[in-house]
Amino acid sequence: MVRRGGASCLFSSDRIGEKTWIMIKRRILDILNKTLEHCRDRGLLQVPVDFEPQVEVPKNEAHGDFATTLALNLAGPNRRSPREIASTLVEQMADGGGLFSRVEVAGPGFVNLTVSPAAWYQVLPEIQAQDQTYGRVNIGKGRCVQVEFVSANPTGPLHIGHGRGAATGDVLARILEATGHRVQREYYINDVGTQMDTLGRSVLLRYQQLLGRKLEFPDTCYQGDYIRDLARGMLELHGNSYRDTPEAEAVPVFTRHAADRILAGIREDLDLFGVHHDEWFRERSLYESGAVDRTIATLKAAGHIFEKDGALWFRSTAFGDEKDRVVVRANGLTTYFASDLAYHQNKFERGFELVINLWGADHHGYVARMQAGVMALGRKPDSLKLLLVQLVNLLRKGKPVAMSTRAGEFETLRAVLEEVGRDAARFIFLTRRSDSPLDFDLELAKEKTAENPVYYVQYAHARICSLMRLAEERHLPLEGSHLSRLNLPEELALIKELSFFPEVVENSARFLEPHRITYYLTQLASTFHSYYNHHRMIQDDTDLAQARLSLAGAVRIALRNGLELLGVSAPDKM
RNA sequence: GCGCCUGUAGCUCAGACGGAUAGAGCAACGGACUUCUAAUCCGUGGGUCGGGGGUUCGAAUCCCUCCAGGCGCGCCA
């Protein structure tokens, strides 16, 4: 059953180790900072106090593994040419234990850095050692974060748009967990208001029809077949005992029955999708506990509420909204916004330092007032992040599948899951940034070809597993000390790409963009497939075989951990 | 009308903090399985980054303006 809110930030799974970072980039930054310090101390360069060197990966590989723009950025303050500054830096730079095989000034004043193969090789054993934790980065430092997502009204089954929200929210939560945050997943149930009344009335009318009563079923009621099923449920439970009950009395009974049933169905759908919420928070509880009244009183005491035309208004314009908003109507009823204010106050009272809400893109007109509300409640505006999830265009062989809740002919999440499976659905939902519309082709999602990115990535993983099985049969060592045999450019490039994984995860968390993971995995799989097709792993030269298998093993770890973040399985064979 | 978002190859889209010659997948065309999984790989063509102006040593990225599209603008939920 649904639990009441109140559980605060009690999660204690602190599985994030400290040593979760591939060191190359960090080491480069250390060297650069030390060099700058050295130059400043000896009066060779003026360095602004909070100057931080930028290290990037050049597009052109002839420009080395990394490049820094610091000479370009220091040119202004020093009134000297960037190339001159770059030369000074390079002269003064101490090589940190043979990290670089080449350092040179190029172009307008870039310093290009090439990392020595020996330093790259160290990445592989480190990935092996970190294994399951590779990719975890502790940037959250135990910060309490709540992700509220799906939160569909219990008026019908989840459709595919909710599925996208579910996948995005769940993966976001996984990414935040992997980056040292304590995360709670929450579902907000709008169980108050006219939509719920409409639901109850819809089921009641169908119930009466089942009892043989001739009546018109209005357009304003929910049309889907599931309403008839709910009515049949009531019939089985209660026979005809509500046949002549006055509507005002019967509707709440039907509403509760319908909402409970639908919610149970929603939970099943989410379960099937591998999505689990820690907390199911009922809007009704905010009224029952007096939280809504309390929040309005708080805002009133702070001078953010005024009265006009018999209604109470929240002065959201004081916080950047374009107009003020009603919280209590002239008829005495509170608005949806009022309970939302109370809900967010409640979230902060539960101790969350960051609150993330995923909303359907059609709510975007609501963003400014909610942000205003958060500020009025005395919180920093960035303690609430509102992410908008755009529409999903459901296609079948490129042609749109009609979707309309009203007409009752929508494609449910469950139907999609049954057709294409959990892995494909999750992955495809995350192939685009959430605020851009997504085409979801059912036929493509089922295809077991290269066009389907899910299989592409999973196949790379299965392929490596298959390699390992064969290597074991032939008694080849999977680990050893022959990494220096990896001297092909594509081998070094693959190690380099592997080393970026933690940074991808980190950025994915920092910008709240799960699609970065799917992009990275697709790219990594592609690099590996290409490498595999050009070079034999298992072969007579056992030292070389061992080195290549170590590399493949590290690729497998990154693929597996990345898929794990997406909640997608990493099969051993396909 | 006001506000927010978007505009990158034929299509779908990546490109955090401004960096060197703008990328991927699909589609099109042409190739690679006696050898570790061809659910794979390789090659070819394809672009005034919506137009214009500005800031900068340097702009797809920042600013202004115009154009085109999407969404939002209730004492609804």
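Please read all numbers here as calculations on a predicted model, not as lab measurements.
For the pair A:Ala330 and A:Ala525, nearest-nucleotide mapping onto RNA chain B gives the more 5' position to A:Ala525. Mapped onto RNA chain B by nearest heavy atom, A:Phe110 and A:Lys323 fall at different nucleotides, with A:Phe110 at the one closer to the 5' end.
Counting non-hydrogen atoms under 4.0 angstrom, A:Pro82 reaches nothing in the nucleic acid. Residue-level contact check: A:Tyr336 touches the bases, meaning some heavy atom is under 4.0 Å from a base atom. Note on A:Asn190: nothing from the nucleic acid sits closer than 4.0 angstrom, heavy atoms only. Looking at heavy-atom distances under 4.0 Å, A:Ser530 makes contact with sugar-phosphate atoms alone, never a base. A:His461 comes within 4.0 angstrom of no nucleic acid atom, judged by non-hydrogen atoms across all strands. Counting non-hydrogen atoms under 4.0 angstrom, A:Asp441 reaches nothing in the nucleic acid. Among the atoms of the strands shown, none is found under 4.0 Å from any heavy atom of A:Ala471. Within 4.0 Å of A:Gln458, counting heavy atoms only, lies no atom of the nucleic acid at all. Residue contacts shown for A:Ala67 include a base, since a base heavy atom lies under 4.0 Å away. Among the heavy atoms of the strands lying under 4.0 Å from A:Thr194 are primed sugar atoms or P, OP1, OP2 only; no base atom is included. Counting any heavy atom pair closer than 4.0 Å across all strands shown, A:Val328 reaches no nucleic acid atom. Residue contacts for A:Arg510: at a heavy-atom cut-off of 4.0 Å it reaches no nucleic acid atom on any strand shown. Here A:Asp309 lies in heavy-atom contact (under 4.0 Å) with a base. Here A:Lys59 lies in heavy-atom contact (under 4.0 Å) with sugar-phosphate atoms only.
A donor-acceptor contact shorter than 3.5 Å links the side chain of A:Arg83 to the backbone of A:Gly107. Although no hydrogens or angles enter the test, the distance criterion places a donor-acceptor pair under 3.5 Å between the side chain of A:Trp313 and the main chain of A:Lys308. No donor-acceptor distance shorter than 3.5 angstrom exists from the side chain of A:Asn346 to the backbone of A:Ala342, with no hydrogens or angles considered. Not a single donor-acceptor pair under 3.5 Å links the side chain of A:His534 to the backbone N or O of A:Tyr531.
Here the nucleotide nearest the side chain of A:Leu470, chosen from B:C36, B:C17, B:C13, is B:C36. Looking at the side chain of A:Tyr532, the nearest of the listed nucleotides B:C41, B:A20, B:C36 is B:C36. Nearest nucleotide to the A:Lys573 side chain, out of B:A14, B:C75, B:U37: B:U37. The side chain of A:Tyr366 lies closest to B:A77 when the candidates are B:C17, B:A77, B:U35. The A:Ala311 side chain lies nearest to B:C75 when the options are B:C75, B:A39, B:U12. Taking every side-chain heavy atom of A:Tyr455 into account, B:A39 is the closest of B:A39, B:C75, B:C36.
The separation between A:Asn153 atom CG and B:C76 atom P is 17 Å, rounded to whole Å. A straight line from CG of A:Leu444 to C1' of B:A39 spans 13 Å, rounded to a whole angstrom. Rounded to whole angstrom, the span from the CG atom of A:Asp340 across to the P atom of B:C76 amounts to 15 Å. Between A:Leu386 atom CG and B:C5 atom P there is a gap of 14 Å when expressed in whole angstrom units. A straight line from NE2 of A:His363 to P of B:G74 spans 14 Å, rounded to a whole angstrom. Between A:Asn533 atom CG and B:C33 atom P the separation is 12 Å, expressed in whole Å. The interatomic distance linking A:Leu521 (CG) with B:A24 (C1') rounds to 15 Å, in whole Å. What separates CG of A:Asp435 from C1' of B:G70 is a distance of 12 Å, to the nearest Å.
The gap from the C1' atom of B:G10 to that of B:G53 amounts to 31 Å, rounded to the nearest Å.
Screening A:Glu283, A:His344, A:Arg284 for a side-chain hydrogen bond (donor to acceptor under 3.5 Å, both in side chains) involving A:Ser339 leaves a single residue, A:Glu283. A side-chain hydrogen bond (donor to acceptor under 3.5 Å, both in side chains) with A:Glu491 is found for one member of A:Arg485, A:Lys496, A:Arg548 and no other, namely A:Arg548.
Residue pairs meeting the salt bridge (charged side-chain N to carboxylate O under 4.0 Å, His left out) criterion with at least one member in residues 527-539 of chain A: none, sequence neighbours excluded. Among residues at least two apart or in separate chains, salt bridge (charged side-chain N to carboxylate O under 4.0 Å, His left out) pairs with a member in residues 515-535 of chain A are A:Glu513-A:Arg516.
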Short N/O separations, protein against nucleotides 45-49 of chain B, under 3.5 angstrom:
none

Identify the pairs formed between an N or O of the protein and an N or O of nucleotides 1-3 of chain B at a distance under 3.5 Å, and give each distance.
residue	atom	partner	partner atom	Å
B:G3	N2	A:His364	NE2	3.0

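Within the 4.0 Å cut-off from OP1 or OP2 of B:C76, at least one side-chain nitrogen or oxygen of A:Arg329 is found. Phosphate proximity of B:C41 to A:Tyr456: present, with a side-chain N or O under 4.0 Å from OP1 or OP2. At B:G15, one or more side-chain N or O atoms of A:His515 fall inside 4.0 Å of OP1 or OP2 (strictly under the cut-off). OP1 or OP2 of B:A38 sits under 4.0 Å from a side-chain N or O of A:Arg463.
No donor-acceptor contact under 3.5 Å links the side chain of A:Asp439 to the base of B:U12. A:Asp362 contributes no side-chain N or O that forms a donor-acceptor pair with the base of B:A77 under 3.5 Å.
A donor-acceptor contact under 3.5 angstrom links the side chains of A:Thr179 and A:His181, judged on distance only. For the residue pair A:His535/A:Glu490, the side-chain donor-acceptor check at 3.5 Å is satisfied.
Ion pairing between A:Lys446 and A:Asp423 fails under the 4.0 Å rule for side-chain N and carboxylate O.
Using cut-offs of 30° and 60° for the angle between ring planes, the A:Phe314 and A:Phe337 rings count as tilted. In this pair, A:His363 and A:Trp359 present their aromatic rings tilted. The plane angle is within the 30 to 60° band. Aromatic ring orientation, A:Phe440 versus A:Phe429: tilted (interplanar angle from 30° to 60°).
Annotation: side-chain contact (heavy atoms from CB on, under 4.5 Å) contacts of A:Arg469 (sequence neighbours excluded): A:Cys465, A:Ser466, A:Asp572, A:Lys573.
For RNA chain B, each stem of at least three Watson-Crick or G-U pairs (distances under 3.5 Å) is given as range with range: B:1-7 with B:67-73, B:10-13 with B:23-26, B:28-32 with B:40-44, B:50-54 with B:62-66.
Two residues are said to be in side-chain contact when any heavy atoms from C-beta on lie closer than 4.5 Å; A:Leu74 and A:Phe51 meet this criterion.
In this structure, B:C33 is classed as syn because its glycosidic torsion stays within 90° of zero.
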